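A short write-up of the structure that comes next.
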Amino acid sequence: MNRFLALPYLASLSLVALSCQQSAFMLSNDPTIPESNMKATITQTLHYDNLPSASGLEMLGDNYYVVGDDSPFLYGLDKNFQIVSREAIFDTTGFENGRIDKAEKVDLEGITLLQHQGKPYLLMMGSGSAPARRKAYLYNICGDDICREGAGKEGARTIDLDNLYTQIEEQVGLEEGSLNIEGVAAGHGKLYLLQRAIATGQNVLVSYRLADFIPYLLGEANTNLPQPELSYFRLPVLKNLQAGFSGAYVYDDKLFFTASLEDTNDAYNDGEVLGSYIGYIPFSWVGKQDTLQIPATVISQADGNPYTGKAESLVVQKREGKGRYRMIVVSDDDQGGSELLELLLSEE
């Protein structure tokens, strides 16, 4: 029997999130967050030709883990951001030319760090925008056999998300093909999924209690689908296009996110990138009934010009005093390459 399934319901299984360690303002009268100005400035840029289409980033100590939306591999980076490992997460068929074809790709768009019995695991989730993309993968960084049981020759356990994604589509009221989960983050007892706005759609935060989500994730018997809490947000608009969520990370009392402006009318096809943003959602805003405008700022080059790449994911390295955060962002050039940005977010 799979060792996960043999564990008593949440008694022995304590899967909790590791807490690794153009301004926009809220439109309501909530006094908890004062108006502020943010600036996100790139301090260094690295390009990777051998890491295709970076779409998810996570950090553990001095190590970084990256997934690409058309790659079957999990890439490990050291503290100097050099690629030191590459391990297959699922079948590598179709990757012979360095990228999986769009019609076949799993489209991993989010990665987050979880802990089980004191050991770290990575949860990677597909976007849900096509049948092949409605899966998740659970990978054990330490290399023991917990996730390998039932995983075949690849290094991660495969989880079917079709029922969960169908539920999200129904509750958010999405048309067929409009689901696009682009950010995944865990912390403070919750799992957070970010639905990216498409065309005139909405940016939605889908929140689950980990205590409810874990049994579903592990396929325990007699388990119902976890019930989500939905929160709706507005992001900056340019040329009649609203920025859409693209990545998420929990740090302190905030859910930090990346977002990008992409000229496309669906969740499947790429479009021209008009800019990228960083911002955050205070946890005190989660579950509000109104659609709220959240703090966000355009990512800028050191010379002040906007960064025109497509920011896909982020981690917060550390806080430097009040309102200053050192961050790492990865971006996808839609041509098979990736960039890593060192960035300073400051808030006055």
Side-chain angles (χ1 to χ4, degrees), residues 2-21 55-67 74-76 85 87 89-90 106 108-128 135-151 154-161 164-165 181-194 205-220 223 225-226 228-229 247-252 254-257 283 286 313-316:
N2 188 293
R3 289 166 59 189
F4 269 136
L5 303 182
L7 295 174
Y9 174 72
L10 291 181
S12 300
L13 177 65
S14 177
L15 182 58
V16 297
L18 283 174
S19 178
C20 297
Q21 315 235 347
S55 57
L57 174 67
E58 185 54 285
M59 176 178 67
L60 177 60
D62 290 332
N63 299 302
Y64 300 87
Y65 297 90
V66 182
V67 291
L74 173 68
Y75 298 84
S85 65
E87 182 164 353
I89 296 302
F90 51 87
V106 173
L108 294 178
E109 291 288 353
I111 179 173
T112 193
L113 190 62
L114 301 174
Q115 179 175 262
H116 167 58
Q117 295 182 346
K119 297 179 181 179
Y121 296 83
L122 292 172
L123 174 64
M124 296 157 279
M125 300 180 69
S127 67
K135 298 175 185 177
Y137 299 88
L138 193 62
Y139 174 81
N140 179 9
I141 298 172
C142 297
D144 65 32
D145 61 357
I146 290 180
C147 290
R148 296 181 186 275
E149 294 182 12
E154 284 75 40
R157 174 178 175 171
T158 304
I159 301 162
D160 185 353
L161 297 180
L164 183 82
Y165 281 175
I181 300 299
E182 289 271 337
V184 180
H188 304 302
K190 296 283 189 71
L191 182 73
Y192 301 99
L193 308 182
L194 293 181
L205 170 62
V206 184
S207 308
Y208 295 95
R209 294 178 62 248
L210 280 173
D212 297 331
F213 193 84
I214 288 166
Y216 164 77
L217 182 68
L218 302 181
E220 293 188 359
T223 299
L225 280 172
E229 179 180 53
Y249 192 77
V250 172
Y251 192 91
D252 287 346
K254 301 175 179 68
L255 179 65
F256 288 89
F257 63 83
F283 284 125
V286 176
S313 188
L314 80 163
V315 297
V316 179

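Throughout, residue positions are numbered sequentially from 1 according to the sequence presented. This is a predicted model, so every value here is computed, not measured.
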Would you say that [X] contacts [Y] through its side chain, given a criterion of any heavy-atom pair below 4.5 Å between the two side chains?
| X | Y | result |
| --- | --- | --- |
| Met125 | Leu193 | yes |
| Lys254 | Tyr249 | no |
| Thr158 | Phe90 | no |
| Tyr65 | Val67 | no |
| Val316 | Val250 | no |
| Ile111 | Leu74 | yes |
| Leu114 | Pro120 | no |
| Ile159 | Leu217 | yes |

Would you say the rings of Tyr192 and Phe283 are close, in the sense that their centroids are separated by under 6.0 Å? yes

Rounded to the nearest 0.5 Å, what separates atom [atom1] in [X] from atom [atom2] in [Y]?
| X | Y | atom1 | atom2 | answer |
| --- | --- | --- | --- | --- |
| His188 | Leu210 | NE2 | CG | 11.5 Å |
| Ser127 | Leu161 | OG | CG | 10.5 Å |
| Tyr121 | Leu60 | OH | CG | 13.0 Å |
| Thr112 | Leu122 | OG1 | CG | 8.5 Å |
| Ile214 | Tyr208 | CD1 | OH | 14.0 Å |

What's the shortest heavy-atom distance between [X] and [Y], and which atoms?
| X | Y | answer |
| --- | --- | --- |
| Tyr137 | Val106 | CE1-CG1, 3.7 Å |
| Gly247 | Leu194 | O-CD1, 3.5 Å |
| Leu255 | Ala185 | CD1-CB, 3.9 Å |
| Pro228 | Val206 | CB-CG1, 3.5 Å |
| Pro226 | Asp212 | CB-O, 3.8 Å |

Is a side-chain donor or acceptor of [X] paired with a backbone partner of [Y] at a separation under 3.5 angstrom?
| X | Y | value |
| --- | --- | --- |
| Tyr75 | Glu87 | no |
| Ser313 | Gly56 | no |
| Arg209 | Leu191 | no |
| Ser55 | Leu108 | yes |
| Glu58 | Leu113 | yes |

Tyr251 vs Phe256 aromatic rings, parallel, tilted or perpendicular, using cut-offs 30° and 60°? perpendicular

Give a yes or no on whether Lys135 atom NZ has more than 12 heavy-atom contacts from other residues, nucleotides or ligands under 6.0 Å away. no

